[in-house]
Undergrad: 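The structure that follows is given in the form of structure tokens.
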Number of protein chains: 2
Amino acid sequence: MIDIAARIRNQNYLSKVMTPEEAATLIHPGDVVAVSGFTPAGYPKEVPLALAKRMEKEPFQITLYAGASLGDEIDGALARAHGISRRLAYQTNKDLRRQVNDGSVAYADYHVSVFAQLIRQDFIRRPDVVIVEAVAITEEGNLIPATSIGTTPAMIAACNKVIVELNVTQPLSLEGMHDVYEVANPPAREPIPICHAGDRIGKTWITCGWDKIAAIVGSDIPDAPRSFKPVDENGQRMGDHLLAFFREEVRHGRLPKNLLPLQSGVGSVANAVIQGLIQSEFEHLSIYTEVLQDGMLKLIDSGKADAVSTASISASPAGLKHFYDHIDTYRKKIVIRPQEISNNPEVIRRLGVISMNTAVEFDIYGQVNSTHLYGTRMLNGIGGSGDYARAGYLTIFFTGSTAKDGAVSSVVPMCSHVDHPEHDVDILCTEQGLADLRGLSPVERARTIIANCAHPDYKDQLTDYLDRAIAATQGDHEPHILAEALSWHERFKKTGSMKI
Amino acid sequence: MIDIAARIRNQNYLSKVMTPEEAATLIHPGDVVAVSGFTPAGYPKEVPLALAKRMEKEPFQITLYAGASLGDEIDGALARAHGISRRLAYQTNKDLRRQVNDGSVAYADYHVSVFAQLIRQDFIRRPDVVIVEAVAITEEGNLIPATSIGTTPAMIAACNKVIVELNVTQPLSLEGMHDVYEVANPPAREPIPICHAGDRIGKTWITCGWDKIAAIVGSDIPDAPRSFKPVDENGQRMGDHLLAFFREEVRHGRLPKNLLPLQSGVGSVANAVIQGLIQSEFEHLSIYTEVLQDGMLKLIDSGKADAVSTASISASPAGLKHFYDHIDTYRKKIVIRPQEISNNPEVIRRLGVISMNTAVEFDIYGQVNSTHLYGTRMLNGIGGSGDYARAGYLTIFFTGSTAKDGAVSSVVPMCSHVDHPEHDVDILCTEQGLADLRGLSPVERARTIIANCAHPDYKDQLTDYLDRAIAATQGDHEPHILAEALSWHERFKKTGSMKI
């Protein structure tokens, strides 16, 4: 039995403690089950695993709400038990992804910043049960979150049945790192008073209350952080291009010397940029992002970061251990926020966040696909990229110029799916170079993107398309040959290569 | 000679008065010329006309910046003089549009809310000259704007040569209606303290100063407001669908009884909705929008609107006369704001604006095209639709289910150009009905859109595409047959109809 008594700060309610299996019986077929977590950080593990086991014996399905991706204990285990009929609002799990792409799970993909208000505004069904991972329950029945806050405040506010998993692998010293600011529905909404990345404006706990807590479960399953690939040569080149670009922006007075708060998506390029900053002349940097990866911990270690705001601690296994081991140092610099605040367009535009995200592909005019392979197959979801791209000071997307050993060009005539319209995109970057699109017309953008970002193997093919499209449309604003615009993707599916 | 002496409140500077022709000589070939105005309201007329005449004699070109569309005296006259080499950031003029679509004008289309910061952040070339229409110049050399503010504050802040057109057709009683709040660049940016549509937070003038004023010109050319088509049967039906929808939202507690601040684009459907509200049970309404059309004046007349915030007075000729005639009544309810504030995502999300805009077409999954005919030909630009759609409380797009006498379906398999990704769209509406997409997966959205919004002539054809796409992709998240996705547009161009 996991000893969680010390984490329940009101001994009158010890009677609510039960096993995961018992707690899982509080969930009924057809329920909307909402869970804490943001990336594989701070999500419940024991009760979802018990629920999956129950589903394998007596098949039934639920609708699952989570503000972002989760660990395999939820999305993976429940998907394998065929227990998810509908899932909102972002995912990265391979078993769930398969079901999203075979029509068996109805998946609705939303911007990270809006999910809480979808619940609060009653735009989607209210949760019947909320399962929350916490490090402790306060005397009043409020919850000290673990390595993320996600959408938990809005979920609990909309629901009367809360199952709390107290996870003893999550250190009590996380307490105090969170900044739980709850947004009201309009017309009562007020300014969110964050003016600097590190500003604290809320509470360190999530309001819940003993009345709502239906069960308390002990857990000793750690977060399942993802290992990241080491920075490869292409990632390194993109990082170098971006660093050089930042230097030019500072030189021309378009960015302050300490830049502006940085947001970066998950992955190797983001890590390369942060790594580059550690070795650079830049100082007093700040981060305003949704995922805190290893690079940012190193940035703090190097003394270069004054403040880091994030929606989750989403480091690698080694990074997470390092974080736990030095938590008393990190707590001085790190603020963990609800996703509605980490991704809020109000705060992002005010702070002037530099938005850096990975694209699946982009087209010659600067439209960006972040979600769908070949226009049809969902990869993960839009996540927070749209929140940052639209509201940011400077919006950057990057990707390797080719994929599949060169058989796929990431620069295409027309994106097979558009998540970020050209109006949102300032800078595109591949290992080949960087295209600065500010103030350019579509045809100028196309020439710049082909020259600077496309792989040499595809430059002539892209230019040929562009020239013929200009001729065919007699110079229309954004020239395309519709019969051919998506043919590169078709060719790849038929022949295994986009090359003619 | 137009008598403007009374509108120059410091007689020491009467010597700056000159003719439009003299002022036009202050502009040099290759200059970036920035102008006031937002829609055909509050834009300079005399100097641009004189400049166009000069260009016809001695051909040269300029780059033209305007925050939005303008009257024919600028975009039309200068385009016909082949005087525009580059134009930012929104336009609606037919002569200019032709040049945007024959490759002779480099047009860069930006969200209405970001244009000021593009200038302020030095992301695009600074203006060499700014031409501003004003109703008066204060003793200190500051400017009382006319029927819009546009981007003028940021333009003047970035430029040392300002030409002021004092327009005697613009009543002095406009003074006091404006609320000029200037946004700082990050990291010094602070919360924009608007919590209700009518809140006043700024000055009633635009800071300029006598040093910057290079010329003062008199003008008696009135604004050139557009006549709007009367509400037709389709518009009326869409208005009815939306009113019925609002009633249901109120009934379910998803909207307050007085709704939330309304934004509506230009046109007949917007007018039908407002007309419907006038005749409805709704009271104490508020408007937070960028264009104030006749319907909103009538809404104020009916006593139903408590506050109206707009970027411009953009009524019909009769509406503008009515506005001028009753300006002392309207000034109690109307606030004219800079476009950076009327369209600011911070304010839009805080207030919970209901975003209502016209689509060119939308596809079965809810992607929306607002800008490009057949994917290539620029119509106007994205304008403010993206600012409101992304940040709004509830995002609605509407369009007639068909165009070109039924030869074009506005509901297509795949949009030929995407301005608003599916993640931004809550409600789609045609005269056929309304599709509520909240929380739905792509295939569910497709079934709902086809059932509720598509024209009966195209329903079977759309369902056939959807079913075959699901089969072809074996249930991918967003099924498409890429070889066929854009074939409806091609068919129309070849055969004159999208029908098979």
Side-chain angles (χ1 to χ4, degrees), chain A residues 88 100-103 106-111 121-124 186-187 189-191 193 195 252-254 256 260 345-346 349-352 367 372 375-378 382 386 390-391 393 416 418-419 421 423 438-441 443-444 470 473-480 482-483 485-486 489-490, chain B residues 88 100-103 106-111 121-124 186-187 189-191 193 195 252-254 256 260 345-346 349-352 367 372 375-378 382 386 390-391 393 416-419 421 423 438-441 444 470 473-480 482-483 485-486 489-490:
Chain A
L88 279 74
V100 165
N101 286 309
D102 70 11
Y107 175 50
D109 180 29
Y110 277 96
H111 299 295
Q121 292 170 189
D122 271 329
F123 281 10
I124 54 177
R189 198 175 284 173
E190 297 195 339
C195 290
H252 289 284
R254 293 191 289 260
L260 283 166
E346 166 176 343
R349 185 155 294 183
R350 182 183 306 138
L351 300 188
Q367 305 270 89
H372 287 76
T376 62
R377 201 167 304 159
M378 173 55 79
I382 194 163
R390 177 71 50 92
Y393 180 89
S416 58
V418 176
D419 297 287
H423 317 88
R438 291 174 291 181
L440 301 186
S441 73
V443 173
E444 292 170 332
I470 293 171
T473 60
Q474 299 178 303
D476 273 4
H477 181 61
E478 197 151 305
H480 269 303
L482 290 188
L486 300 173
H489 302 84
E490 293 171 69
Chain B
L88 281 73
V100 165
N101 286 309
D102 70 11
Y107 175 51
D109 180 30
Y110 277 97
H111 299 294
Q121 293 170 187
D122 272 328
F123 281 10
I124 53 177
R189 198 174 284 172
E190 297 195 339
C195 291
H252 289 284
R254 293 191 288 260
L260 283 165
E346 166 175 345
R349 186 156 292 184
R350 182 184 305 139
L351 299 188
Q367 305 272 87
H372 286 76
T376 62
R377 200 167 305 159
M378 173 56 79
I382 194 162
R390 178 71 49 95
Y393 179 89
S416 57
H417 187 270
V418 175
D419 297 287
H423 318 87
R438 292 174 289 182
L440 301 186
S441 73
E444 292 170 332
I470 293 170
T473 60
Q474 299 179 301
D476 273 3
H477 181 61
E478 198 151 303
H480 268 303
L482 291 188
L486 300 173
H489 302 85
E490 293 171 69

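What you see below is based on every heavy atom in this structure, not just the backbone, and it leaves out hydrogens, waters and symmetry mates. Each chain gets a letter, A, B and so on, in the order its sequence line appears, and its residues count up from 1.
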Undergrad: Calculate, to the nearest 0.5 Å, the distance between atoms CZ and OH belonging to Arg438(B) and Tyr110(A) respectively.
TA: 8.5 Å
Undergrad: Is it the backbone or the side chain of Val100(A) that comes under 4.5 Å from a heavy atom of chain B, or both, or neither?
TA: both
Undergrad: Are Asp122(B) and Arg254(A) within salt-bridge range, i.e. N to O under 4.0 Å?
TA: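 So Asp122(B) does not pair with Arg254(A) through a salt bridge.
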Undergrad: Is the side chain of Arg390(A) donor-acceptor paired with the backbone N or O of Gly386(B) at a distance under 3.5 Å, no angle test?
TA: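 Present.
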Undergrad: Based on non-hydrogen pairs under 4.5 Å, which of Leu88(B), Leu260(B), Thr473(B), Ile124(B) is most in contact with chain A?
TA: Leu260(B)
Undergrad: Using every non-hydrogen atom in the two residues, find where Pro186(A) and Gly352(B) come nearest and quote the distance to one decimal.
TA: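 Nearest heavy atoms, Pro186(A) then Gly352(B): CG-CA, 3.6 Å.
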Undergrad: Please identify each residue that fulfils side-chain hydrogen bond (donor to acceptor under 3.5 Å, both in side chains) with Glu346(A), with sequence neighbours left out.
TA: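 Per chain and number, Glu346(A) pairs via side-chain hydrogen bond (donor to acceptor under 3.5 Å, both in side chains) with Arg350(A), Arg350(B).
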Undergrad: Which heavy atom of Pro421(A) sits nearest a heavy atom of Val418(B), and at what distance?
TA: CB-O, 3.7 Å
Undergrad: Just so I understand: if I count every heavy-atom pair under 4.5 Å between each of Ile470(A), Leu440(A), Val443(A) and chain B, which residue has the most?
TA: Leu440(A)
Undergrad: Looking at Asn101(A) and His477(B), would you say the former's side chain and the latter's main chain have a donor-acceptor pair under 3.5 Å?
TA: yes
Undergrad: So do the side chains of His480(B) and His372(A) get within less than 4.5 Å of each other, counting heavy atoms only?
TA: no
Undergrad: Of the backbone (N, CA, C, O) and the side chain (C-beta and beyond), which part of Leu351(B) lies under 4.5 Å from a heavy atom of chain A, both, or neither?
TA: backbone
Undergrad: Could you state the interatomic distance from CZ (Arg189(B)) to CZ (Arg349(A)), rounded to the nearest 0.5 Å?
TA: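 Spacing of CZ (Arg189(B)) from CZ (Arg349(A)) equals 7.5 Å.
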Undergrad: Distance from Leu486(A) atom CG to Leu482(B) atom CG, nearest 0.5 Å?
TA: 5.5 Å
Undergrad: Hey, which of Cys195(A), Gly253(A), Gly103(A), Ala483(A) has the most heavy atom pairs under 4.5 Å with chain B?
TA: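 Result: the option with the highest number of such pairs is Ala483(A).
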Undergrad: Is it the side chain or the backbone of Gln474(B) that comes within 4.5 Å of chain A heavy atoms, both, or neither?
TA: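 When you check distances to chain A, only backbone atoms of Gln474(B) fall under 4.5 Å.
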Undergrad: Mind checking what makes side-chain hydrogen bond (donor to acceptor under 3.5 Å, both in side chains) contact with His489(B), not counting sequence neighbours?
TA: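 Only Glu361(B) meet the side-chain hydrogen bond (donor to acceptor under 3.5 Å, both in side chains) criterion with His489(B).
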Undergrad: Compare every heavy atom of Pro345(A) with every heavy atom of Pro345(B), then report the nearest pair and how far apart it is.
TA: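 That would be CB-CB, 4.2 Å.
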Undergrad: With a 4.5 Å cut-off on side-chain heavy atoms, are His423(A) and Asp109(B) touching?
TA: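 Asp109(B) reaches His423(A) side chain to side chain.
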Undergrad: How are the rings of Tyr393(B) and Phe123(A) set relative to one another: parallel (under 30°), tilted (30 to 60°) or perpendicular (over 60°)?
TA: perpendicular
Undergrad: Any chance CD of Glu444(A) has more than 12 other-residue heavy atoms, nucleotides or ligands included, within less than 6.0 Å?
TA: yes
Undergrad: Checking heavy atoms, do the side chain of Pro256(A), its backbone, both or neither come under 4.5 Å from chain B?
TA: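 Answer is side chain: those atoms of Pro256(A) sit under 4.5 Å from chain B.
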